[in-house]
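Okay, so here's the structure we're looking at.
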Amino acid sequence: MDRFLTDTLSKLNDTHAYRSIPDHSDYTAITHVFNTNDYLGFNTESSRIQAGLAAANHYGTGATGSRLLGGHYPTLNDLESALTSRLGKSILVVNSGYHANTGLLGCLPQRTDLILADKACHASLIDGAQLSAATLKRYRHADYAHLAHIIHQNQANYDRLFIVTESLFSMTGTACDFDALIRIKTQASATLIVDEAHAVGCYGATGMGLAEAHGVLNDVDIIIGTFGKAFSSLGAFIGGSLDLRNYLINRCRPFIYSTALPPFVTGVNLASVTQNHAEKQAALAAITRYCHHQLDRYRAPTAHHHIVPLPVGTPEKALAYANQLARQGLITTAIRHPTVPKHQDLIRISLRADHTSDAIDALAQAWKSLV
Ligand SMILES: Cc1ncc(COP(=O)(O)O)c(C=O)c1O
C-alpha cells in the first residue's frame, strides 16, 4: 500500500502533475489576486453576511439532517421560489455543484440512453455521466459539427439522448453556442443540460447566466447553477420541469443522503439571488474588456469572458510562470493536464468586478516580461 502511494506520487512529480494546496503565506506582498471565482467581488459584502446571520439566528447553525429527514427549513423554500421566478423552472437546491452534476447525471440517464458531453466539461459532469449506466460519448470542445456527427452515427441505437455542456467553460473561458446546441437538440429530440456555474451572477438581467442573457431559458431543458462562484458562498441548484424535481427528490443520491446546507449559507444564497447585479456585472464587463485588450496577444482567442486563459503549453512552464508571478505578488492558477488536455496547460486569470485597471496593468507587464 505505502509503495503504491509513493510510486504514484513520484510519478506525478516526474510529470509535473503533482498537486499541493497553494499556500501564499510565504509571499510577503500579495498585491493582486486572480485565482478566485469571486467574480462579482461579493465575498465580504456585508448585506449578504447579515442575511446569513439572520437565517442562522432563526434556524441555528446546522440543518440537522438531510432535507427528507428534518433538515428542511423555510429559507430553502424561499430560495427555490426566488430561483423559480427568475428561471421559470422548478428548482431543487443541493449542497454543491459537484453534488448537482453527479446526482443529476447519476440518476437521470438510463442504460439504454446516450450522454453527449463537450470534451471540456467539468469533472463533476463527467463523473456524473460515468456513475450512470448510460453510454458516454464526448464531442470535441465547442465543435457542434462533431456533436451532430456523433448523434447521426449513434442515435438509432439509443432511447434518449442527453447533450451536456457548460455555458461558460471554466478552463477555456469559451462560451457555448446556444443557437447551434438548440438546433441540434431540437432535431435530435435530445435533452439539453447546461451547467452555468461560471456564468450565474455575471450575466442575465436577473443574474441567472448566459441562457438568460441570450433569451433561451425555455430551450434549455435542465439548468445547473452554483452559489460557490460569483455568489461567493456554497451550494447549487438544478432547474427543470416539476416532474424532474420530484424525480430528483426520489432518486438523486447526493440530495437524499447528505445533510442539507446550513441556514447561514442558505440565507446568503437567497440574498445573493435577490440582489440587483447590474452594477457589478457592468464593472466585470468593463475590466474584462480592459484585460483582453492588455493581454490580447497572449490570451486564448476564443475566450471573450471573465475567465482568461493564457496558454503556455507545458506543465513545467505553467508551474514556473505561476510561481514567478506569485513572487511578484500576482496570484494566478497553473492549470495542467489532466484538468486540460495534454499540451494545453495554461495560466488561468479569473477576473473580478472589483479588479482595477492598475491590477491588470501590473499583470500584463509581468506577463510580457515573463514570456
Ligand atoms: C462547471 C462547473 N460545474 C460544477 C462545479 C462544481 O461546483 P461546486 O464547487 O459548487 O462543487 C465546478 C467547480 O469548479 C465547475 O467549474
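Atoms considered below: every heavy atom in the structure, side chains included; atoms not considered: hydrogens, waters and symmetry mates. Along the sequence shown, residues carry numbers from 1. Both counts, for ligands and for their atoms, begin at 1 and track the order of listing. Source: prediction; values computed, not measured.
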- With sequence neighbours excluded, what pairs up with P109 under the side chain to side chain contact (heavy atoms under 4.5 Å, CB included) test?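 Testing P109 for side chain to side chain contact (heavy atoms under 4.5 Å, CB included), a comparison that skips the adjacent residues, returns L105, D113, I115, S132, A134, F162.
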
- With a 4.0 Å cut-off on heavy atoms, is G228 touching ligand 1?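 Outside the 4.0 Å threshold, so no.
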
- Task: Assess S124 for proximity to ligand 1: is some non-hydrogen atom of it under 4.0 Å away?
- Result: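 S124: in contact with ligand 1 (<4.0 Å).
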
In terms of residue, atom name and distance, what is the protein heavy atom nearest to [atom]?
atom                    : answer
atom 11 (O) of ligand 1 : Y98 N, 2.9 Å
atom 5 (C) of ligand 1  : H122 CE1, 3.5 Å
atom 3 (N) of ligand 1  : D195 OD2, 2.6 Å
atom 16 (O) of ligand 1 : H198 NE2, 2.6 Å

- Query: Under 4.0 Å from ligand 1, counting heavy atoms only, is it the side chain of H99, its backbone, both or neither?
  - Reply: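 For H99, there is no contact with ligand 1 at all, from either part.
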
- Query: Between N101 and ligand 1, which residue portion shows a heavy-atom distance shorter than 4.0 Å: side chain, backbone, both, or neither?
  - Reply: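 It is the side chain that touches ligand 1; the backbone stays farther off.
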
Which of the ligand 1 atoms, numbered from 1, are nearer than 4.0 Å to a heavy atom of [X]:
X    : result
S170 : 16 (O)
K229 : 9 (O), 12 (C), 13 (C), 14 (O), 15 (C), 16 (O)
G97  : 6 (C), 7 (O), 8 (P), 10 (O), 11 (O)
E166 : 1 (C)

- Message: Between F34 and H355, is the ring centroid distance below 6.0 Å?
- Response: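 F34 vs H355: aromatic centres under 6.0 Å.
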
- Query: Do L168 and I224 belong together in a cluster built from hydrophobic side chains that touch within less than 4.5 Å?
  - Reply: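 Result: no, two separate clusters.
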
- Message: Tell me whether L217 shares a hydrophobic cluster with F178, the cluster being built from Ile, Leu, Val, Met, Phe, Trp, Tyr side chains joined at under 4.5 Å.
- Response: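 Same cluster: L217 reaches F178 through Ile, Leu, Val, Met, Phe, Trp or Tyr contacts under 4.5 Å.
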
- Item | Result of checking H306, H198, K229 against Y39 for side chain to side chain donor-acceptor pair (under 3.5 Å) |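 Per the side chain to side chain donor-acceptor pair (under 3.5 Å) rule, the option paired with Y39 is H198, out of H306, H198, K229.
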
- Item | Test item: V194 and S167 side chains (from C-beta on) under 4.5 Å apart, heavy atoms |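 Yes, side chains in contact.
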
- Query: Would you say the side-chain atoms of N43 and S232 include a donor-acceptor pair closer than 3.5 Å?
  - Reply: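 Side-chain D/A pair, N43 to S232: present.
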
- Task: Under the salt bridge (charged side-chain N to carboxylate O under 4.0 Å, His left out) rule, what do E196 and R86 come out as? Steps first, then yes or no, please.
- Result: CA-CA 14 Å; E196 294 260 23; R86 284 158 176 75; over 6 Å; no

